[in-house]
Amino acid sequence: MKKQDQFYFDNFVECTDCALRAARLLQDTMKNFDPAKIKEDMDKMHDIEHEADTKKHEMLGVLMKAFMTPIEREDIMLLSSCLDEVTDKIEDVVLRMYCNNIHYILPAAIDMARIVVDSCEEMVILLEEFKNFKRSKSIHEHIIRINTLEEDADRLFIQAMRELHEHEDDPINMIKWREIYFYLEKCTDATEHVADVVERVIMTNS
C-alpha cells in the first residue's frame with residue numbers, strides 16, 4: 001500500500017481507538033461510580049473526545065490536499081464523521097450523568113455500557129481489517145457482530161425502560177434515567193452506522 005494511502009486507514013484505526021478508550025472509561029465510571037468524581041471523569045472523557053476531533057481534522061486536512069485517494073472522498077469524509085460520532089455519543093452519556101446529578105447507577109446501565117465496549121472492540125478490529133477489505137476473509141464477520149450487538153442493546157434498552165417504569169416511584173429519577181438509557185442506546189447505533197458505511201464501501205469497491 002502506498003504511504004499516502006496508509007495514512008487514511010491508520011487514521012481510521014486511531015479514531016476507533018479513541019472510541020474504545022471512551023467506552024472503557026464510561027464502563028469504569030459506571031462500575032466504580034462515585035458522585036464526587038463525576039466531574040473528573042467528565043473532564044477525562046472530554047480529553048478523549050478532543051483527541052478524536054483532532055484526528056478527524058487531520059484527516060480532513062490531508063484529504064483537502066490529496067490528488068488521489070484509496071476510496072472515494074465522500075466515503076472517507078462520511079466514515080471519518082461516523083467514527084467521530086461514536087466518541088461524541090459516548091461522551092454524551094457522561095455529560096448527561098453529570099447534568100442530571102445522578103447519585104447511583106442502575107444495573108441495566110452497566111450492562112448497556114458493556115455492550116458499548118464490546119461494540120467498540122469489534123469496531124477496532126473492523127477498521128484494522130479495512131485496509132485489506134478486498135482480501136480480508138473476516139471483515140464481514142465483524143460487521144455482522146456489530147449489527148448483532150446493536151440488536152442486543154436495543155433489547156436491553158426496551159427491558160431497562162420497562163423495569164424503570166415498573167419499579168421507579170420518583171418521577172424525577174425516572175426522567176433522569178430515561179435520558180441516560182436513551183443516550184446509551186445511541187452509542188451502539190453509532191457503531192452500527194460505522195459498520196454500515198464500511199459495508200457500503202466494500203460493496204462499491206469490489
Side-chain angles (χ1 to χ4, degrees), residues 15-49 52 82-126 141-199:
C15 289
T16 61
D17 179 67
C18 289
L20 179 56
R21 285 189 283 122
R24 286 173 173 166
L25 175 58
L26 171 64
Q27 184 181 47
D28 182 69
T29 298
M30 287 189 166
K31 289 177 69 175
N32 304 291
F33 184 67
D34 181 354
K37 288 182 58 183
I38 188 64
K39 177 64 166 59
E40 178 183 340
D41 290 335
M42 185 177 67
D43 291 341
K44 290 179 182 177
M45 185 67 77
H46 183 70
D47 288 341
I48 297 173
E49 190 276 335
C82 286
L83 289 169
D84 186 58
E85 186 75 0
V86 176
T87 305
D88 287 345
K89 293 300 182 185
I90 296 170
E91 183 189 27
D92 284 344
V93 179
V94 178
L95 289 173
R96 187 52 49 188
M97 291 165 63
Y98 174 78
C99 293
N100 285 1
N101 192 29
I102 63 169
H103 294 281
Y104 59 89
I105 299 294
L106 294 175
I110 296 176
D111 292 337
M112 292 180 74
R114 175 184 51 78
I115 295 178
V116 174
V117 171
D118 290 346
S119 297
C120 288
E121 288 176 343
E122 285 293 329
M123 193 174 66
V124 169
I125 300 172
L126 174 64
E141 296 175 9
H142 301 298
I143 291 172
I144 293 170
R145 176 62 176 156
I146 291 171
N147 291 336
T148 300
L149 286 165
E150 192 276 334
E151 293 172 1
D152 292 344
D154 282 349
R155 285 192 291 268
L156 187 54
F157 170 75
I158 293 170
Q159 178 185 340
M161 291 289 279
R162 171 74 183 190
E163 291 176 355
L164 180 66
H165 286 81
E166 280 184 332
H167 303 300
E168 181 57 65
D169 296 323
D170 186 332
I172 301 300
N173 285 332
M174 183 181 294
I175 292 171
K176 289 179 178 181
W177 276 102
R178 282 177 64 180
E179 288 189 343
I180 292 169
Y181 285 152
F182 177 80
Y183 280 94
L184 276 165
E185 195 270 338
K186 290 300 179 184
C187 294
T188 50
D189 283 350
T191 60
E192 185 179 45
H193 292 162
V194 169
D196 289 345
V197 172
V198 170
E199 186 173 41

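Reckoned from all heavy atoms, side chains included, excluding hydrogens, waters and symmetry mates.
Distance CZ/R21 to CD/E49: 12.0 Å, rounded to 0.5 Å. Separation of atoms NZ (K89) and CG (L95) is listed at 11.5 Å; rounding is to 0.5 Å. Here CD of E168 is found 4.5 Å from CG of N173. Values are rounded to the nearest 0.5 Å. Rounding to the nearest 0.5 angstrom, the gap separating the CE atom in M161 from the OH atom in Y181 is 9.0 Å. Atom CG of D92 sits about 11.5 Å away from atom CD of E179, to the nearest 0.5 Å. Note that CD1 of I180 is 8.0 Å distant from CG of L106, once rounded to the nearest 0.5 Å.
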Applying side-chain contact (heavy atoms from CB on, under 4.5 Å), run through E40 and K44 and close with a yes or a no.
CA-CA 6 Å; E40 178 183 340; K44 290 179 182 177; 3.4 Å; yes
Carefully, step by step, assess K186 and E85 under the rule salt bridge (Lys or Arg N to Asp or Glu O under 4.0 Å).
CA-CA 10 Å; K186 290 300 179 184; E85 186 75 0; over 6 Å; no
What do the steps show when you test D84 against C15 for side-chain contact (heavy atoms from CB on, under 4.5 Å), and what is the final call?
CA-CA 7 Å; D84 186 58; C15 289; over 6 Å; no
For the pair K39 and D43, evaluate salt bridge (Lys or Arg N to Asp or Glu O under 4.0 Å) and give the outcome as yes or no after the intermediate values.
CA-CA 6 Å; K39 177 64 166 59; D43 291 341; 3.0 Å; yes
Test log, rule side-chain contact (heavy atoms from CB on, under 4.5 Å), inputs N100 and W177:
CA-CA 9 Å; N100 285 1; W177 276 102; over 6 Å; no
Decide yes or no on side-chain contact (heavy atoms from CB on, under 4.5 Å) for I102 and F33, but give the supporting numbers first.
CA-CA 10 Å; I102 63 169; F33 184 67; 3.8 Å; yes
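Closest heavy-atom contact between T29 and M97: CG2-CE, 4.0 Å. Nearest heavy-atom pair, A109 versus M30, reported as atom, atom and distance to 0.1 Å: O-SD, 3.5 Å. When all heavy atoms of A22 and T87 are compared, the closest pair comes out as CB-CG2, 4.2 Å. The minimum heavy-atom distance between C187 and V93, with the atom names listed, is SG-CG2, 3.8 Å. What you find for H46 and E91 is that their closest heavy atoms are ND1-OE2, 3.1 Å. Between A19 and C120, the shortest heavy-atom distance links the atoms O-SG, 3.8 Å.
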I'd like a table of donor-acceptor pairs (distance under 3.5 Å, sequence neighbours excluded) in which one partner is a side-chain atom from residues 146-154, with atom names and distances.
| from | atom 1 | to | atom 2 | distance (Å) |
| --- | --- | --- | --- | --- |
| N147 | ND2 | I143 | O | 3.3 |
| T148 | OG1 | I144 | O | 2.9 |
| D152 | OD1 | R155 | NH2 | 2.3 |

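D41 places none of its side-chain heavy atoms less than 4.5 Å from the side chain of Y98.
When each of H167, H165, Q159 is paired with E163, the side-chain hydrogen bond (donor to acceptor under 3.5 Å, both in side chains) condition holds for Q159 and for no other. The only member of D17, L20, L83 that meets side-chain contact (heavy atoms from CB on, under 4.5 Å) when paired with M123 is L83.
Salt bridge R114/D118: present, at least one basic N to carboxylate O contact under 4.0 Å. Salt bridge absent: R145 and E141 never bring a charged side-chain N and a carboxylate O closer than 4.0 Å.
Annotation: side chain to side chain donor-acceptor pair (under 3.5 Å) contacts of R178 (sequence neighbours excluded): none.
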